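Model, not experiment: these values are computed from the prediction.
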Amino acid sequence: MSSTAKILYTGKTHTTGGRDGASRSDDGRLDIQLSPPGTSGTGTNPEQLFAAGWSACFIGAMGLAAGKLKIKLPADLAVDAEVDLANTDGSYFLQARLRVSLPGIERDTARAIIDTAHQTCPYSKLTRGNIEVDLQLA
C-alpha cells in the first residue's frame, strides 16, 4: 500500500460463515445474511454486493467526468451491473457487464463520459486486466 496516499474512507466489515453466513459493518449500517448464489437462502451473495458497489461507484465517476465536460447528468441515469461467478476446468473466476443508460445525452458524448468513468472509477481500475468486462451504452 502506498504510504503517501490520503485515505478518504475505510470500509470495515466482519464476516462469518463465508457464502452461507453473515456480514456486518463496524458502524452497523450494513448487517446482512449471505447465501450461496442459486440457492433458496434468503441472503445476498458477494457477486450481488460487488455489482451494487461497482455500479454506485461508476455513477459517481460518471458525475466527475460529466462535470469536466460541463454536462449535467440526467436524474434518471442508471447502471445495470451483472457479475458472473464462472468456472472453467475447476478454476473459479468473475466476469462482468455494465450497461449504462444516460437518457437525453447525445450518444458520442455519453460514450465519452462512460469511457472516462471507466478509466477513473476505482472498481474499474481494480478489475482492469483481471477480469473480462463488457461496457455497454444502453
Trainee: Using 4.0 Å as the upper bound for N to carboxylate O, is an ion pair formed by K12 and D27?
Mentor: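 Looking at K12 together with D27, the answer is no, because their closest N to O distance does not fall below 4.0 Å.
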
Trainee: Could you measure the distance from the CG atom of L98 to the CG atom of D80? Nearest 0.5 Å is fine.
Mentor: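 The CG atom of L98 sits 9.5 Å away from the CG atom of D80.
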
Trainee: For L30 and I32, which heavy atoms make the closest approach, and how far apart are they?
Mentor: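 Heavy-atom minimum between the residues: CD1-CG2, 3.7 Å.
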
Trainee: To the nearest 0.5 Å, how far apart are CG in L94 and CG in D84?
Mentor: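 Separation between the atoms: 8.5 Å.
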
Trainee: Are the side chain of T44 and the backbone of Q48 linked by a donor-acceptor contact shorter than 3.5 Å?
Mentor: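 A pair under 3.5 Å: no.
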
Trainee: Between atom CE of M62 and atom SG of C57, what is the distance when rounded to the nearest 0.5 Å?
Mentor: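 That separation rounds to 11.0 Å.
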
Trainee: For P36, run the side-chain contact (heavy atoms from CB on, under 4.5 Å) check against L85, D20, N45 and tell me which one passes.
Mentor: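 The option that passes is D20.
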
Trainee: State, yes or no, whether a side-chain contact exists between Q136 and V100 at a heavy-atom distance under 4.5 Å.
Mentor: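 SC-SC contact between Q136 and V100 ruled out.
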
Trainee: Could you tell me which non-hydrogen atom of P74 sits nearest to which non-hydrogen atom of P103, and how far apart they are?
Mentor: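 Closest approach of P74 to P103: CG-O, 3.3 Å.
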
Trainee: How long is the straight-line distance from CD of E82 back to OG of S55, given to the nearest 0.5 Å?
Mentor: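 That separation rounds to 11.5 Å.
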
Trainee: Do T13 and D26 have side chains that get closer than 4.5 Å, going by heavy atoms?
Mentor: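 No - every pair of side-chain heavy atoms lies 4.5 Å or more apart.
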
Trainee: Closest heavy-atom contact between S35 and T42?
Mentor: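 Answer, listing the atom of S35 first, then T42: OG-N, 3.4 Å.
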
Trainee: Give the C-alpha distance, both sets of side-chain angles, the deciding distance and a yes or no for side chain to side chain contact (heavy atoms under 4.5 Å, CB included) between L73 and I59.
Mentor: CA-CA 10 Å; L73 290 177; I59 289 172; 5.7 Å; no

Trainee: What pair of heavy atoms forms the shortest contact from I113 to A65, and how long is it?
Mentor: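 In terms of heavy atoms, the two residues are closest at O-CB, 3.8 Å.
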
Trainee: Does any part of the side chain of F93, heavy atoms only, come nearer than 4.5 Å to the side chain of T88, both counted from C-beta?
Mentor: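 T88 reaches F93 side chain to side chain.
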
Trainee: Identify the heavy atoms of G18 and L34 that sit nearest to each other, and give their distance.
Mentor: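 That would be O-CD1, 3.3 Å.
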
Trainee: Can you tell me how far CG of L49 sits from OG of S23, rounded to the nearest 0.5 angstrom?
Mentor: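 So the gap between those two atoms works out to 7.5 Å.
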
Trainee: When clusters are formed by joining ILVMFWY residues with side-chain heavy atoms under 4.5 Å apart, either directly or through shared neighbours, do I7 and L126 land in the same one?
Mentor: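 Result: no, two separate clusters.
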
Trainee: What closest approach, in Å, do F58 and I114 show between heavy atoms, and which atom pair accounts for it?
Mentor: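 The pair with the smallest heavy-atom distance is CZ-O, 3.6 Å.
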
Trainee: Is the shortest side-chain N to carboxylate O distance from R19 to E47 below 4.0 Å?
Mentor: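 Result for this pair is yes, salt bridge flagged.
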
Trainee: Regarding T127 and W54, is there a side-chain donor-to-acceptor distance under 3.5 Å anywhere?
Mentor: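 No, no side-chain donor-acceptor pair sits under 3.5 Å.
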
Trainee: Evaluate whether atom CD of E132 has more than 12 neighbouring non-hydrogen atoms of other residues, nucleotides or ligands under 6.0 angstrom away.
Mentor: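 Counting other residues, nucleotides and ligands, CD of E132 stays at 12 neighbours or fewer.
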
Trainee: D115 and side-chain contact (heavy atoms from CB on, under 4.5 Å): which single residue from Q119, H118, R111 fits?
Mentor: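 With D115 as partner, side-chain contact (heavy atoms from CB on, under 4.5 Å) holds for just one option, R111.
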
Trainee: What distance separates T116 OG1 from L64 CG, expressed to the nearest 0.5 Å?
Mentor: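 Answer rounded to 0.5 Å: 10.5 Å.
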
